[in-house]
Structure formats: C-alpha cells, structure tokens
Amino acid sequence: MAYWLFKSEPSTWSFAQQVACGTKGTHWNGVRNHQAANNMKAMVPGDLGFFYHSNEERAVVGLVEVIKPYYPDPSDESGRFGMVDIKALKAVPNPVTLAAIKAEPRLADMALVRQSRLSVMPVNDSHWALICKMGGVSAK
DNA sequence: GCCAACGTTGGC
DNA sequence: GCCAACGTTGGC
C-alpha cells in the first residue's frame, strides 16, 4: 500500500467537487509534468492519497483512494501524459495546513515542503500516519 | 501582486 | 547540446 498527495487549486477543482462525484470518482487529468506523471504511473488501485488545496487555502482537506491505474489523458494532444482515477473517501475534520506541516520537524523532508511546485507526490508511511493524526482522521 | 523555483522552448 | 528567454505554479 502506497500513499500519495494530490494538489489542486480549490477554485479549479475542490475536494467538495470530488466528494460530489461519489464512489465512481473522476479522472485526475491535466498533469503536464513528468515527475508528477511518473508518480501516477506507480499508483495501483487501493492506494490512498491526501487531497491538498493549494494557493488560497494551503491545507490537506481530505482523503482519496486510487480506483484506476495510469492510462492516457485524452486532453493531452501530445499523447505524452496520462492520468489515474480517484474517489473521495472522507474529509479531514481538522485540515492540516501547510504552516502546521512546516512547523512539524518530522515533516520537514516532505516533497510538499521541498518541491512546492510538484502537484502529485509520494507520501511515506510515517508522514501519512502523522498527518492523519494531526487532522483527526483515521488512517484508513 | 510579487517573486522564487523550475520546466519548456527555441536560437545558435 | 548549451543556455537564455519565457511561462507557469504556488507560497507569501
């Protein structure tokens, strides 16, 4: 079981919209970055992820599950990039802000902190457990 | 609104 | 193949 973090601007695609898609989920399209795409290639159904709101909010607000492995993104004319499908699992009761993550020394080496522009990134087991705890949500 | 980080493009 | 120019992202 691997863990991930999906970053989105809430004004473009929010966790509330993801929840509204229900158990069928949606495709996570629009990624045009090879590092992010490579992370998605490594995903398998059943993997879990954080849903992070960037820009105006800057917080982990929900948990999602990967439901379909990497496949081509039809919105990419170059054919170079793909996407996965995810569905919302549950909201994080106490959203974990970027400020809180930066204030926690054990999270200092997260990709979220080190590579602010990366939109899809891996999360290791201990980081996953700690952020779940900070957010007041059970890890699964 | 500004700026740093960084990926991409295009000229050479 | 190098590198300057440029565009985009995202934190502040």
Side-chain angles (χ1 to χ4, degrees):
Chain A
M1 162 83 67
Y3 301 108
W4 310 94
L5 184 146
F6 296 86
K7 185 187 289 183
S8 182
E9 294 187 34
S11 58
T12 303
W13 182 253
S14 68
F15 188 65
Q17 288 172 286
Q18 188 69 53
V19 168
C21 290
T23 55
K24 286 184 182 171
T26 53
H27 36 254
W28 192 262
N29 68 354
V31 170
R32 295 294 180 270
N33 171 283
H34 290 290
Q35 203 179 344
N38 283 337
N39 289 332
M40 291 196 295
K41 277 179 197 170
M43 294 177 188
V44 295
D47 280 357
L48 302 182
F50 289 129
F51 194 110
Y52 174 86
H53 280 168
S54 66
N55 283 330
E56 52 265 47
E57 199 168 340
R58 274 166 285 129
V60 172
V61 295
L63 300 192
V64 296
E65 180 178 342
V66 176
I67 55 174
K68 185 171 175 180
Y70 192 82
Y71 61 106
D73 179 349
S75 74
D76 174 27
E77 314 95 40
S78 75
R80 287 183 293 178
F81 295 98
M83 59 191 185
V84 296
D85 284 7
I86 62 172
K87 69 172 182 183
L89 283 183
K90 53 186 146 186
V92 171
N94 309 305
V96 181
T97 64
L98 181 64
I101 289 169
K102 286 190 166 177
E104 170 51 70
R106 285 172 288 174
L107 299 174
D109 61 344
M110 273 192 81
L112 184 68
V113 176
R114 306 181 69 130
Q115 280 179 270
S116 64
R117 288 188 57 198
L118 186 60
S119 59
V120 180
M121 66 190 76
V123 175
N124 72 31
D125 291 7
S126 60
H127 291 167
W128 177 268
L130 182 54
I131 291 172
C132 285
K133 191 178 170 193
M134 291 163 75
V137 68
S138 63
K140 163 69 183 182

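The chains referred to below are lettered A, B, ... by the order of the sequence lines, with proteins before strands, and numbering in each begins at 1.
- Following rounding to the nearest Å, A:L118 (CG) and C:dT9 (C1') show an atom-to-atom distance of 11 Å.
- Look at CG on A:L5: it is 11 Å from P on C:dG10, rounded to the nearest Å.
- Formation of a donor-acceptor pair under 3.5 Å by the A:H34 side chain with backbone atoms of A:F81 is not found in this model.
- Going from atom CD of A:E56 over to atom P of C:dT9 covers 14 Å, rounded to whole Å.
- By the side-chain contact (heavy atoms from CB on, under 4.5 Å) test, A:V44 is found to be paired with A:D47, residues two or more places apart in sequence or in another chain being considered.
- Here the P atom of nucleotide C:dT9 and the CH2 atom of A:W13 are 18 Å apart, to the nearest Å.
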Nucleotide N/O of nucleotides 2-8 of chain C paired with protein N/O under 3.5 Å:
residue: C:dT8; atom: O2; partner: A:R117; partner atom: NH2; Å: 3.0

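- Classification of the A:W128-A:F50 ring pair by plane angle, with boundaries at 30° and 60°, yields parallel.
- Atoms NZ and CZ, from A:K7 and A:R117 in turn, are 9.5 Å apart once rounded to the nearest 0.5 Å.
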With a 3.5 Å cut-off and sequence neighbours excluded, list the donor-acceptor pairs that the side chains of residues 18-26 of chain A form with protein atoms.
residue: A:Q18; atom: OE1; partner: A:W13; partner atom: NE1; Å: 2.9
residue: A:Q18; atom: OE1; partner: A:T26; partner atom: OG1; Å: 3.4
residue: A:Q18; atom: NE2; partner: A:T26; partner atom: OG1; Å: 3.1
residue: A:Q18; atom: NE2; partner: A:I86; partner atom: O; Å: 3.1

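- What you find for A:F15 and A:G62 is that their closest heavy atoms are CZ-CA, 3.6 Å.
- When each of C:dC12, C:dG10, B:dT9 is scored by its nearest atom to the side-chain atoms of A:L98, the top-ranked nucleotide is C:dC12.
- For A:Y52, a side-chain nitrogen or oxygen approaches OP1 or OP2 of C:dG11 to under 4.0 Å.
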